[in-house]
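Just so it is clear, the values below take in all heavy atoms, side chains as well, and ignore hydrogens, waters and symmetry mates. Residue indices begin at 1 and follow the sequence shown.
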Amino acid sequence: MGQQTIYMGLDIGTTSTKGVLSNLSGDILAESMVEYPIHQPQPGYAEQDPDEISRAVWMVARQLMRAEAVQTGHLAAIGFSSAMHSVILVDEAHQPLTPCIIWADNRSAAEATELLESGAGLELYRKTGTPIHPMSPLTKLRWMSRMRPQLLKGAHKVISIKEYVLYQLCKTYAVDYSIASTTGLFNLSGLEWDREALEYAGIRPDQLSRPVPTTHILEITERKRAAELGIPPQTPIVIGASDGVLANLGVGAITGESAAITIGTSGAVRTVRQEPLTDERMRSFCYTLTEGYWVVGGPINNGGIALKWFKDQFAGDELALAAKTGENVYDIITREAARIQPGSEGLLFLPYLTGERAPHWNAQARGVFFGAGLNHRRQHFIRAVLEGVIFSAFSVYQSLMPTEQSAKSLLATGGFVRSPVWLQMTADVFGVPVLVPASRESACLGAVMLAMLATGAASSLDETRSLVRITDTYIPNEKHTEAYRELYALFADVYRSLVPHFDTLSKWREAQKDIVRVEK
């Protein structure tokens, strides 16, 4: 009997790195995860320690290499996935000059607004597929060119966290088309750095990595590090793609018949096209997967983070019960929500606790409970939070409708798949069946699938869909869908009516900061 062929998929996420081992049938043989924090030294900042993240990546790889499956099998390749929109400046000694500035950082809000109001923003979006927003490296670098020009000018390289990690093993600066297409600096049609975007950002082409296809194979040159990790030095390192597009691949949502919905800390709704597609109202992104596959969709800022906020602030009873019984506190919380009828008896929640990305791209938006009455108990508020997150995701889905045919099903991924209540709610709001794949780590599995394609184990991406196994299906309740459609229309109207008030409140907050600074 021959050795079993094994693939490793590593996903460098926002709050943790996850890894899986898979065989050629898509069976998950081992998993590992290491977490790390987000640092917020000032309001609006969101940073991480790039070395802390790289240590976590290698720790996950080392743990997986110790798994029995690898000891008795053959490691065919390692594929990489990564969170999008990160920025790190490094010097000629390849050491970080800055922290890793992540997607949640809003310090460049003024630059984003300025670019949008100038009219140049829409044209850059059409060319790059990345909406103009503080999440984008384009606006982050514009901020840096104004606030820290010498640092930016003197940087040897401007890279993402994946490039930083891979350099340690392969000693080359390469960036896959997928991560490049999330920077706002990459021309989608030419698959090259966009001259106009670079000029706006204030950087030179030589400061950026060489763009390569997502199936590009890197060679391990740091054999000592590979030996420490237990990785054979001849192992192909497949550069991979971003976590968003790989999540679609990992759940099999790579045709127009299905869409992917991810709800983790944040969330997204994504579909796949055969050519680049942008939206005249700039509501959606367009990122590269591989040749002939372009992922079009939109991210929401407030997914599970909204439920975590409610848990931290208001779920004292549920936390106490969880401590007593050992049950997961979120299971207890969502069970409470299940006791309430769909629509929370007219209580709506706008979940924009951290502003919002798609489809509004409004960093000033904030969370709102609307319709509260004496009849509403805490369970109503819990259900309203869950419903608000799904309404927010549905608003992204609606924004894709002018350019996308209605999907026949949704493939679900992210932490919310652990909640049957939330999944049924999603089916009811969207009005289509929600399918749950067996593997919850869809970006890791997507990285494995891309590695299989790169090494010839799969002949096409379509072939990899056979690796996805559906374990649960949630069918929409037509009566609930009808009720939710009426409430969603009100949800959308409430948001639109509050937009000018969000702006007024933002200016008031800024004025209060100035008062505090003067008093200090």
Distance-only check: which donor-acceptor pairs under 3.5 Å involve side-chain atoms of residues 421-434, not counting sequence neighbours?
unit_1, atom_1, unit_2, atom_2, d
Trp422, NE1, Leu386, O, 3.1
Gln424, NE2, Asp428, OD1, 3.0
Gln424, NE2, Ile475, O, 2.9
Thr426, OG1, Trp422, O, 2.8
Asp428, OD1, Asn477, N, 2.8
Asp428, OD2, His480, ND1, 3.2

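Considering only heavy atoms from C-beta on, Tyr177 stays 4.5 Å or farther from His216 through its side chain. Considering only heavy atoms from C-beta on, His39 stays 4.5 Å or farther from Pro99 through its side chain. Taking the side chain as every heavy atom from C-beta outward, Leu467 and Leu445 never approach each other to under 4.5 Å. Contact check for Leu191 versus Pro211: no side-chain heavy atoms found under the 4.5 Å cut-off. Using a 4.5 Å cut-off on side-chain heavy atoms (C-beta onward), Val468 and Met449 make contact. At least one side-chain heavy atom of Trp103 sits less than 4.5 Å from a side-chain heavy atom of Asn301. With contacts defined as side-chain heavy-atom distances shorter than 4.5 Å, the pair Thr262/Asn248 does not qualify. Residues Leu124 and Asp194 are in side-chain contact: their nearest non-hydrogen atoms beyond the backbone lie under 4.5 Å apart.
In this structure Arg418 satisfies the side-chain hydrogen bond (donor to acceptor under 3.5 Å, both in side chains) test with no other residue, sequence neighbours excluded. Listed by chain and residue number, nothing satisfies the side-chain hydrogen bond (donor to acceptor under 3.5 Å, both in side chains) test with Asp503 (two or more places apart in sequence, or in another chain).
Residues Tyr484 and Phe391 place their aromatic rings such that the two centres sit under 6.0 Å apart.
In this structure a side-chain-to-backbone donor-acceptor pair under 3.5 Å is missing from Ser136 to Ile132. Remark: side-chain polar atoms of Lys157 are not paired, donor with acceptor, to backbone N or O of Tyr164 under 3.5 angstrom. Of the possible donor and acceptor atoms, none in the side chain of Lys153 sits under 3.5 Å from a partner among the backbone N and O of Ile203. Remark: the backbone N or O of Asn302 is not paired with any side-chain donor or acceptor of Ser266 at under 3.5 angstrom. Formation of a donor-acceptor pair under 3.5 Å by the Lys162 side chain with backbone atoms of Ser242 is not found in this model. Under a 3.5 Å cut-off, the side chain of His85 and the backbone N or O of Thr182 do form a donor-acceptor pair. For the pair Asp176 (side chain) and Ile179 (backbone), a donor-acceptor distance under 3.5 Å is present. Ser497 places a side-chain N or O within 3.5 Å of a backbone atom of Val494 that can act as its donor or acceptor partner. Not a single donor-acceptor pair under 3.5 Å links the side chain of Trp193 to the backbone N or O of Arg210. Put simply, the side chain of Asp11 never gets that close to the backbone of Lys18: no donor and acceptor are under 3.5 Å apart.
Under 3.5 Å, the side chains of Thr17 and Tyr36 contain a donor-acceptor pair of N or O atoms.
Screening residues 284-303 for ring pair (Phe, Tyr, Trp, His ring centres under 6.0 Å) gives Phe285-Tyr287 as the qualifying pairs, with residues at least two apart or on separate chains. Under the salt bridge (Lys or Arg N to Asp or Glu O under 4.0 Å) criterion, the residue pairs touching residues 487-496 are Asp493-Arg496, with sequence neighbours excluded. For residues 111-136, every residue pair satisfying the ring pair (Phe, Tyr, Trp, His ring centres under 6.0 Å) rule, not counting sequence neighbours, is listed here: His133-Trp361.
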### Query
Between Phe502 and Tyr352, does a ring pair (Phe, Tyr, Trp, His ring centres under 6.0 Å) hold up when you go through it step by step?
CA-CA 11 Å; Phe502 288 140; Tyr352 309 130; 7.1 Å; no
### Query
Going through the checks in order, is the side chain to side chain contact (heavy atoms under 4.5 Å, CB included) test met by Met33 and Val60?
CA-CA 6 Å; Met33 179 183 75; Val60 168; 5.6 Å; no
### Message
For Ile161 and Ile88: C-alpha separation, side-chain torsions, deciding distance, then whether side chain to side chain contact (heavy atoms under 4.5 Å, CB included) applies.
### Response
CA-CA 7 Å; Ile161 186 61; Ile88 308 167; 3.9 Å; yes
### Query
Where do Leu453 and Val238 land on the side chain to side chain contact (heavy atoms under 4.5 Å, CB included) test, with the steps shown first?
CA-CA 10 Å; Leu453 183 66; Val238 179; over 6 Å; no
### Task
Quick one: do Glu123 and Lys127 satisfy salt bridge (charged side-chain N to carboxylate O under 4.0 Å, His left out)? Show the steps, please.
CA-CA 6 Å; Glu123 184 54 36; Lys127 293 197 294 179; 5.5 Å; no
### Task
Go through Tyr173 and Val90 one step at a time and tell me if the side chain to side chain contact (heavy atoms under 4.5 Å, CB included) criterion holds.
CA-CA 11 Å; Tyr173 285 114; Val90 298; 3.7 Å; yes
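By the neighbour-count criterion of 12 heavy atoms within 6.0 Å, atom CZ of Arg469 is densely surrounded, having more than that number from other residues, nucleotides or ligands. Enclosure of atom CZ in Arg195 is not indicated, since only 12 or fewer non-hydrogen atoms of other residues, nucleotides or ligands lie within 6.0 angstrom.
Looking at Glu280 and Arg126, a side-chain N of the basic residue comes within less than 4.0 Å of a carboxylate O on the acidic one, giving a salt bridge. Looking at Glu31 and Arg440, no side-chain N of the basic residue comes within less than 4.0 Å of a carboxylate O on the acidic one, giving no salt bridge.
Counting all heavy atoms, side chain and backbone alike, Ser284 lies closest to Asp279 at OG-CB, 3.5 Å. For the residue pair Ser81 and Ala443, the shortest heavy atom distance occurs at OG-CB, 3.7 Å. When every heavy atom of Ala306 is checked against every heavy atom of Leu353, the shortest pair comes out as CA-CD1, 3.8 Å. Counting all heavy atoms, side chain and backbone alike, Val251 lies closest to Ala412 at CG1-O, 4.3 Å. For Asp472 against Tyr474, the heavy-atom pair with the smallest separation is CB-CE1, 3.9 Å. A pairwise comparison of heavy atoms in Glu111 and Arg107 identifies OE1-O, 4.0 Å as the closest pair.
A distance of 9.5 Å separates CG of Leu10 from CG of Leu166, quoted to the nearest 0.5 Å. Note: Lys140 NZ to Thr183 OG1 = 10.5 Å, rounded to the nearest 0.5 Å. To the nearest 0.5 Å, the span separating CG on Leu505 from CD on Glu510 amounts to 10.5 Å. Separation of atoms OG1 (Thr215) and CE (Met452) is listed at 15.0 Å; rounding is to 0.5 Å. Interatomic distance, Ile102 CD1 to Ile38 CD1, rounded to the nearest 0.5 Å: 4.0 Å. To the nearest 0.5 angstrom, Thr128 atom OG1 is 7.0 Å from Leu138 atom CG.
Checked options Ser86, Ser209, Ser82; the residue passing with Glu163 is Ser209 (criterion: side-chain hydrogen bond (donor to acceptor under 3.5 Å, both in side chains)). When each of Tyr495, Tyr488, Phe370 is tested with Leu348 by the rule side chain to side chain contact (heavy atoms under 4.5 Å, CB included), just one qualifies, namely Phe370.
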